[in-house]
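Quick notes on the structure that follows.
For this chain, numbers begin at 1 and follow the sequence in order.
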Amino acid sequence: RLALVSDDPRRIEAFRREHPGVREIDGTGKVLMPGLINTHCHVAMTLQRGYADDIALMEWLHDYIWPFEARQTADDVALGMTLGVVEMLLGGVTSFVDMYYFENRCVETVERLGIRAMLGCNYFDSNVDEVMPQVEEAVRLAAAGSGRVRIAVAPHSPYTCSPESLQRGKELARRHGLWFMTHISETEDEVRIVRERYGTTSVRHLDALGILDDRTIGAHCVHVDDGDIRILRERGVAVSHNPQSNMKISSGIAPIARMHSEGVLCTIGTDGTCSNNDLDMWDEMRTASFLQKVATMDPCVLPAYEILKMATVNAARAIGHAGELGVIKEGALADFILIDAVKPHLTPVYNMVANLIYCGKAADVDTVVVNGEIVVEGRRIEGVDLSNLCSRVQHTAEDIARRTAAAKK
């Protein structure tokens, strides 16, 4: 739980005597910082990266994504999860919040690769009876593991899940002390459907059902009004801002600068790799800041330091690790990364935080430590054959795409 940072030779020597055989990492020319926390993604969708680009959201979902997913097996999802976790680790992500299927199978993948995760078991009205037992199984598997994996309940959205199935999921979450996550007000279509069915906004609808609290993560929250923002703040809901996904699918621009200024807990996520198309939190942080500046026509909103907090301190609070993750301090969990700062695009340095947020790249990450264990060193993950992994994913993705196309005929 302790990461010692010091340039005092006496302290270093005393630490060596107290901890014989301790592993030392040379930080010359590097920046030590907390690992990044991706608060909303669908990691196994690496299998669909580039599968259905430049298509309107509802057509994208109904005609491409959901038919593809219907033909995936648990093994396929575990393979896609493996590739996504490798991508995130190499990009300095030490914790992520997932929302997908077969999360009980993905527990082993996360444990094996050494990352920290909150795995949300996704469901719709059509498969709620199938997923609920999977949640129970995943909880048992996570409890028997390293402590790096937690399970969450993740209904897709208030327009694809009935009030009854939403409340059923929330009751299960409360019974096991789990987090609850869902897409909220992502698109104008969602807002319209919810208003037609229930006569109110998505946020007010969920609030009336007793869903919203400080163990709820709402992804997107693009189309929210004054009352919605007030409810999100008062209930302590964490909002995961996914700017690049929202831009690509033309969902809109979430009023993150305003929500942040009004006290809503705002974090950053990448969303899935077929609506982004990567899991690069560095690119996402830069976009989050720049998009709000142009949307508000104010170059001062969401400065670099606030963006860094959204991806670290705020995110840690959102997943129940306030003060333990997202910080470098004595007593915190040892999740941190080393950035190779001797790069042309990071030089010169007037403000290192601004350099990291506005110039930093995933390829700058040299070393990643999670829970005190080195999982990336010199941009290598021990035990991972990248060439073989990419080949397997390519073969599997092509096979699923062929079967999906054949089913449409």
Under a 3.5 Å threshold, yes or no: a donor from one side chain and an acceptor from the other, between [X] and [Y]?
X	Y	value
T312	N314	no
N276	E284	yes
T287	Q244	yes
D26	T28	yes
D125	S165	yes

So that I can tick it off, tell me whether [Y] and [X] are bridged by a salt bridge, with the cut-off set at under 4.0 angstrom between side-chain N and carboxylate O.
X	Y	value
K329	E324	no
K343	D364	yes
D129	R168	yes
R175	E136	yes
E188	R192	no
D335	R116	yes
D399	R403	yes

Does [X] reach the main-chain N or O of [Y] with its side chain, forming a donor-acceptor pair under 3.5 Å?
X	Y	answer
W60	D53	no
T273	M45	yes
H223	T201	no
N371	E373	no
N127	F124	yes
W179	A173	no
E190	E186	yes
E103	Y100	yes

Within-4.5 Å side-chain heavy-atom neighbours: [X] and [Y]:
X	Y	result
I231	L212	yes
V375	L113	no
M259	C221	yes
L32	I328	yes
I217	V237	no
Q72	I400	yes
W282	L356	yes
S289	Y358	yes

Checklist outcome for this item: Applying side-chain hydrogen bond (donor to acceptor under 3.5 Å, both in side chains) to D213 and not counting sequence neighbours gives K170, T216
Checklist entry - Aromatic rings W66 and H156: how do their planes relate, parallel, tilted or perpendicular, breaks at 30° and 60°? => result perpendicular
Checklist entry - Do the ring planes of H40 and H183 sit parallel (below 30°), tilted (30 to 60°) or perpendicular (above 60°)? => result perpendicular
Output side-chain donor-acceptor pairs under 3.5 Å for residues 78-93, partner residues at least two apart or in another chain, one line each.
unit_1: T82; atom_1: OG1; unit_2: A78; atom_2: O; d: 2.9
unit_1: T82; atom_1: OG1; unit_2: R112; atom_2: NH2; d: 3.4
unit_1: E87; atom_1: OE1; unit_2: R49; atom_2: NH1; d: 3.3
unit_1: E87; atom_1: OE1; unit_2: R49; atom_2: NH2; d: 2.9
unit_1: E87; atom_1: OE2; unit_2: L279; atom_2: N; d: 2.9

Next on the checklist: Would you say the rings of Y123 and Y101 are close, in the sense that their centroids are separated by under 6.0 Å?
Outcome noted: no
My understanding is that only one of [options] makes a side chain to side chain contact (heavy atoms under 4.5 Å, CB included) with [X]; could you say which?
X	options	result
H42	M99, Q48, E69	M99
R379	V368, V365, D340	V365
R204	V194, D225, L209	D225

Checklist outcome for this item: All heavy atoms of S240 vs all of G269, minimum pair found to be OG-N, 3.6 Å
Next on the checklist: As a test of understanding, state which of N277, N38, T39, D283 forms a side chain to side chain donor-acceptor pair (under 3.5 Å) with T270.
Outcome noted: N38
Checklist entry - With sequence neighbours excluded, what pairs up with D54 under the salt bridge (charged side-chain N to carboxylate O under 4.0 Å, His left out) test? => result none
Next on the checklist: Using side chain to side chain donor-acceptor pair (under 3.5 Å), reason through E171 and Q167 one step at a time and then give a plain yes or no.
Outcome noted: CA-CA 6 Å; E171 289 166 6; Q167 289 177 317; over 6 Å; no
Checklist entry - CD of E196: more than 12 outside heavy atoms within 6.0 angstrom? => result yes
